[in-house]
Amino acid sequence: MRLLLVEDHDGLGGQLSAHFQDSGMAVTWCRSGQAALAAMAVPHDAVVLDLGLPDMDGLDVLSALRDASVPVLILTARDEVESRIEGLDAGADDYILKPFSLPELEARLRAVMRRPGLRQATLLRFGDISFDKPRLSGSVNGKTLTLTRREALVLEALLRSGAQVLVRDALVDDVYGTDGDASANAMEAIISRVRRKLAALGSRVQIEALRGIGYRLRDDG
Ligand code: CA
């Protein structure tokens, strides 16, 4: 699952980013509205948006996010009650007042993502592979794949692109977040392990590598 975190406060942003990564999400952390809008060029599954941003009004970021129809949880200070109401009118799925506890934030985030009417399919399929996004768990013909968190994120990203080419840089961002760092070799090693695990369960799906570009799935069934 890919989360866009928009928070200009270094301490809070760092803490949230680390927390959500530990929870198994790929986090893109942006410290400004402009950076958040640029990051939306890549689809995200949910957004945590601070309203008080240095370069633009968080509500303007929110309207842009609405066009991308992604679930949004707003972070706001207690003294911004009016912005809070405006935020909900502008289409945020929920808001949370600062200060908040991490478990509460996480519970609210999961709730906005589960809300009916969200365009996020929770189950991804390609060939004989199924993948449950909220649980980060995959299976081949009903047999459970045992995957590490990174392997699961790689498989999720591949399934999302399916037979379309998934550019390697986008995949690295997806798995490590834009603040993360990974060599091409590290990614190749994860792909190899996912390939072996798929093959071990008899999957017909192949992960094709396009040299210097990225990957795509092929169903040999
Ligand atoms: Ca702020």
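All residue numbers in this chain count up from 1 along the given sequence.
- When atom types are taken as modelled, the side chain of Arg2 and the backbone of Pro43 share a donor-acceptor pair closer than 3.5 angstrom.
- Val167 and Ile207 sit in two unconnected hydrophobic clusters of ILVMFWY residues. Membership requires side-chain heavy atoms under 4.5 Å apart, directly or through other members.
- Scanning for side chain to side chain contact (heavy atoms under 4.5 Å, CB included) contacts around Asp128 gives Val140, Asn141, Ser203, Arg204, Val205, with sequence neighbours left out.
- Under the 4.5 Å side-chain contact rule for hydrophobic residues, Val154 and Val42 do not share a cluster.
- Between atom CG of residue Leu159 and atom CG of residue Leu123 there is a gap of 9.5 Å, rounded to the nearest 0.5 Å.
- To the nearest 0.5 Å, the span separating OG on Ser23 from CG on Leu16 amounts to 10.5 Å.
- To the nearest 0.5 angstrom, Leu153 atom CG is 11.0 Å from Leu158 atom CG.
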Verdict with reasoning, Asp50 to Leu12, per side-chain contact (heavy atoms from CB on, under 4.5 Å): CA-CA 11 Å; Asp50 176 30; Leu12 180 59; over 6 Å; no
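- To the nearest 0.5 Å, atoms CG (Leu155) and CD1 (Ile191) are separated by 9.0 Å.
- With hydrogens and angles ignored, the 3.5 Å screen pairs no side-chain donor or acceptor of Gln164 with any backbone N or O of Ser161.
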Show your reasoning for whether side-chain contact (heavy atoms from CB on, under 4.5 Å) applies to Leu4 and Val70. CA-CA 10 Å; Leu4 176 60; Val70 59; over 6 Å; no
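- At distances below 3.5 Å, at least one donor-acceptor pair connects side-chain atoms of Glu156 with backbone N or O atoms of Met1.
- Atom-to-atom distance recorded for Arg31:CZ and Asp10:CG is 5.5 Å, nearest 0.5 angstrom.
- In terms of hydrophobic clustering, with Ile, Leu, Val, Met, Phe, Trp and Tyr side chains grouped at heavy-atom distances under 4.5 Å, Leu102 and Leu5 are assigned to a common cluster.
- Of the inter-residue distances, the one linking Glu188 atom CD with Arg168 atom CZ reads 6.0 Å to the nearest 0.5 angstrom.
- The backbone N or O of Glu7 sits less than 3.5 Å from a side-chain atom of Trp29, completing a donor-acceptor pair.
- The main-chain N or O of Leu75 is never found under 3.5 Å from a side-chain atom of Lys98 such that the two would form a donor-acceptor pair.
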Walk me through whether Val48 and Leu109 qualify under side-chain contact (heavy atoms from CB on, under 4.5 Å). CA-CA 8 Å; Val48 171; Leu109 180 62; 3.9 Å; yes
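- Between the Arg108 side chain and the Tyr95 main chain, a donor and an acceptor come within less than 3.5 Å of each other.
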Would Phe131 and Leu136 count as a side-chain contact (heavy atoms from CB on, under 4.5 Å) here? Give the steps. CA-CA 7 Å; Phe131 190 90; Leu136 270 188; 3.8 Å; yes
